[in-house]
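Proteins come first, then strands; the chains are lettered A, B, ... in the order of their sequence lines, and each starts at number 1.
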Amino acid sequence: MKQLWDLAGVFAYLSLLTIGGGMAAFPEMKELTVDTYHWVTFPELLHFYSLGQLAPGPNMMMVASIGVTVAHIPGALVALVAFFLPTGLLTFFVGRLWTHLATWRWRPAIQTGLGSVAVGLVLAGAIIMGRGAITQVFFGVIALAVFLLLWRTKINPAYPIVASGLIGMALHYFNIA
Amino acid sequence: MSDAETTIPRPSLGRLFWVFLVMGATSLGGGVVAYLRTGLVVRQRWLDDVTFVELLSISQTLPGLNATNMSILVGDRLRGGMGALVATLGMCLPGASLMIAAGFLYGAGGDGPWSKAFLHGIAAGAVGLILVVLVQLGAKTLKTFADYVFVVVTAVAVAFFKVPVPYALIAAGIVAIWWHRPRDKDVR
């Protein structure tokens with residue numbers, strides 16, 4: 001039971017940090033789920049996060065996988081509700097207010113100011129994730145190739161990500177990684 | 001609002017759920033925003049492009065994921081509180097079910113060398129995906145040199161000096177908002 005409360009507290013807290021996308025919460029997610037509560041190892045967290053990028057819909061459904069690891073189905077449901085309810089309510093009520101704030105002179109300042117900080121948080125998440133995922137030159141090459149492909153073409157990201165997994169298996173087969 | 005009722009369509013709650021469920025099940029590869037626009041603006045014509053962009057800018061400023069924030073805002077606009085609820089459930093249900101299944105499968109066989117090799121590969125690929133998101137987000141958001149300074153300071157503080165995210169968010173956020181504060185001579 002205590003684990004469910006811990007899950008609820010951790011994911012409700014993390015949800016409030018997801019400004020600019022789920023990646024902004026990644027540094028604290030690593031800190032709490034790996035280092036503080038030991039629910040998953042860092043590689044496991046990376047694996048769930050990456051699998052989550054392959055699932056349809058919102059890209060942080062991997063919180064359900066962490067929930068499963070901790071406390072099966074109840075854990076998954078608690079993690080999901082905790083992760084989506086607080087920000088959901090905030091969006092619901094602020095969304096109704098927002099139109100009234102259209103002429104508020106601080107609105108552009110908040111939008112631009114928070115925007116750059118959000119990009120900074122996503123960058124921090126990318127750095128922390130890169131430290132765990134890019135363990136050899138080959139994996140750096142994979143990341144760079146996916147980046148260039150997605151940046152330069154309109155290909156669906158699911159294809160190069162699945163291809164990365166297959167390359168990972170090939171590297172394993174040839175004993176390179 | 002009474003004026004708006006004549007122009008905003010009112011799909012049934014079941015229809016709303018179904019349309020969001022289909023988008024939640026088919027938006028593979030993370031680019032949910034593109035799927036939302038195709039579904040809501042082009043196919044259903046529940047929103048026009050101006051409204052879509054306005055709701056998207058609210059979604060991006062507030063905490064929460066774009067996909068769920070958009071579901072809440074669009075659902076509320078079309079069918080009020082219940083609309084927000086069914087739209088969000090539809091959007092989340094397919095991905096959540098898959099990731100719950102993934103959690104169980106991982107527990108059963110995730111330690112095998114082949115699945116580890118595959119997962120390590122997609123983790124590297126996901127880093128590339130995040131870098132693209134970062135570049136696209138940056139191109140839209142960062143306008144002045146100062147904005148880049150805020151980005152680097154926030155990222156270095158969190159990733160290298162282990163500053164807890166809330167402190168970094170509040171401190172850098174206040175400075176950045178103050179930097180862009182409304183000035184009297186500005187005509188916005």
Visitor: Which atoms of A:M60 come close to chain B, meaning under 4.5 Å heavy atom to heavy atom: side chain ones, backbone ones, both, or neither?
Guide: both
Visitor: Once rounded to the nearest 0.5 Å, what's the spacing between atom CE of A:M61 and atom CE of B:M91?
Guide: 9.0 Å
Visitor: Using heavy-atom distances under 4.5 Å, tell me whether A:L123 contacts chain B through its side chain, its backbone, both, or neither.
Guide: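 Both backbone and side chain.
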Visitor: Is it the backbone or the side chain of B:F160 that comes under 4.5 Å from a heavy atom of chain A, or both, or neither?
Guide: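 For B:F160, the contact with chain A is made by backbone and side chain together.
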Visitor: Measure A:W98 against the heavy atoms of chain B and call it side chain, backbone, both or neither at under 4.5 Å.
Guide: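 Looking at A:W98, just its side chain touches chain B.
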Visitor: Taking all atoms of both residues into account, what is the closest heavy-atom pair of B:L65 and A:G21, and its distance?
Guide: CD2-C, 4.3 Å
Visitor: So, does A:T18 use its side chain to make a donor-acceptor pair with the main chain of B:G64 at under 3.5 Å?
Guide: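 Yes.
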Visitor: Can a side-chain donor-acceptor contact be found between B:H180 and A:S116 if the only test is distance below 3.5 angstrom?
Guide: no
Visitor: Where does B:A84 contact chain A at under 4.5 Å (heavy atoms): side chain, backbone, both or neither?
Guide: side chain
Visitor: For B:K162, which atoms come within 4.5 Å of any heavy atom of chain A: side chain, backbone, both, or neither?
Guide: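 Answer is side chain: those atoms of B:K162 sit under 4.5 Å from chain A.
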Visitor: Could you measure the distance from the OG1 atom of B:T154 to the CG atom of A:L121? Nearest 0.5 Å is fine.
Guide: 6.0 Å
Visitor: Given a strict heavy-atom distance threshold of 4.5 Å, which part of B:I100 is in contact with chain A: side chain, backbone, both, or neither?
Guide: both
Visitor: What part of A:E44 gets within 4.5 angstrom of chain B, counting heavy atoms only: side chain, backbone, both, or neither?
Guide: both
Visitor: Of all the heavy-atom pairs spanning B:M99 and A:S65, show the shortest one and how long it is.
Guide: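 Here B:M99 and A:S65 meet closest at O-OG, 2.7 Å.
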Visitor: Non-hydrogen atoms of chain A under 4.5 Å away: do they reach the side chain of B:T61, the backbone, both or neither?
Guide: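 It is both, since atoms from each part get that close.
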Visitor: Could you check whether atom CH2 of A:W106 has more than 12 heavy atoms from other residues, nucleotides or ligands sitting under 6.0 Å from it?
Guide: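 Counting neighbours around CH2 of A:W106, more than 12 heavy atoms of other residues, nucleotides or ligands fall under 6.0 Å, so yes.
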Visitor: Side chain, backbone, both or neither: which part of A:P58 has an atom under 4.5 Å from a heavy atom of chain B?
Guide: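 Interface part for A:P58: both.
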Visitor: Considering residues, nucleotides and ligands other than A:R131, do more than 12 of their heavy atoms fall under 6.0 Å from its CZ?
Guide: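 Enclosed: over 12 neighbouring heavy atoms sit under 6.0 Å from CZ of A:R131.
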Visitor: If you tally heavy-atom pairs under 4.5 Å against chain B, which of A:V122, A:V162, A:L148 wins?
Guide: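 Highest number of heavy-atom pairs under 4.5 Å: A:V122.
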Visitor: Heavy-atom distances under 4.5 Å only: say whether B:L98 touches chain A with side chain, backbone, both or neither.
Guide: side chain
Visitor: Please state whether the side chain, the backbone, both or neither of A:I73 comes within less than 4.5 Å of a heavy atom of chain B.
Guide: both
Visitor: If I measure from the heavy atoms of chain B, does A:L166 come under 4.5 Å with its side chain, its backbone, both, or neither?
Guide: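 Both parts, backbone and side chain.
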Visitor: In terms of ring plane angle, is the pair B:W114 and A:H172 parallel, tilted or perpendicular, where the classes change at 30° and 60°?
Guide: perpendicular
Visitor: Please flag which part of B:N66 lies under 4.5 Å from any non-hydrogen atom of chain A: side chain, backbone, both or neither.
Guide: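 Neither part.
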Visitor: B:I72 pairs by side-chain contact (heavy atoms from CB on, under 4.5 Å) with which of A:T91, A:L89, A:T87, A:L90?
Guide: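 So, applying the side-chain contact (heavy atoms from CB on, under 4.5 Å) to B:I72 and each of A:T91, A:L89, A:T87, A:L90, only A:T91 qualifies.
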Visitor: List the atom of A:A133, the atom of B:V127, and the distance in Å for their closest heavy-atom pair.
Guide: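 Looking at all heavy atoms of both residues, the shortest contact is CB-CG2, 3.9 Å.
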Visitor: If I take atom CG from residue B:L134 and atom CH2 from residue A:W151, how far apart are they, to the nearest 0.5 angstrom?
Guide: 12.0 Å
Visitor: Could you check B:I130 against A:M129 for side-chain contact (heavy atoms from CB on, under 4.5 Å), going step by step and ending with a plain yes or no?
Guide: CA-CA 9 Å; B:I130 293 160; A:M129 184 161 174; 3.5 Å; yes
Visitor: So, taking the atom named CG in B:L93 and the one named CG in A:L80, what distance separates them when rounded to the nearest 0.5 Å?
Guide: 10.0 Å
Visitor: Measuring heavy-atom distances to chain B, does A:Y159 have an atom under 4.5 Å in its side chain, in its backbone, in both, or in neither?
Guide: neither
Visitor: Using non-hydrogen atoms and a 4.5 Å limit, figure out which bit of A:A76 sits close to chain B: side chain, backbone, both or neither.
Guide: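 For A:A76, the contact with chain B is made by the side chain alone.
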Visitor: Both conditions, 6.0 Å and 45 degrees, for the charged tip of B:R77 above the ring of A:F92: are they met here?
Guide: no
Visitor: Should A:T135 and B:H120 be marked as a side-chain hydrogen bond (donor to acceptor under 3.5 Å, both in side chains) after you check the CA-CA gap, both sets of side-chain angles, and the distance that decides it?
Guide: CA-CA 9 Å; A:T135 47; B:H120 202 135; 3.2 Å; yes
Visitor: What part of B:V165 is in contact with chain A, defined as an atom under 4.5 angstrom from a non-hydrogen atom: side chain, backbone, both or neither?
Guide: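 Both backbone and side chain.
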Visitor: Any side-chain to backbone donor/acceptor pair from B:S27 onto A:G57? Under 3.5 Å, distance only.
Guide: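 Side chain of B:S27 to backbone of A:G57: a pair is present.
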Visitor: Please state whether the side chain, the backbone, both or neither of A:V117 comes within less than 4.5 Å of a heavy atom of chain B.
Guide: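 For A:V117, backbone and side chain are both near chain B.
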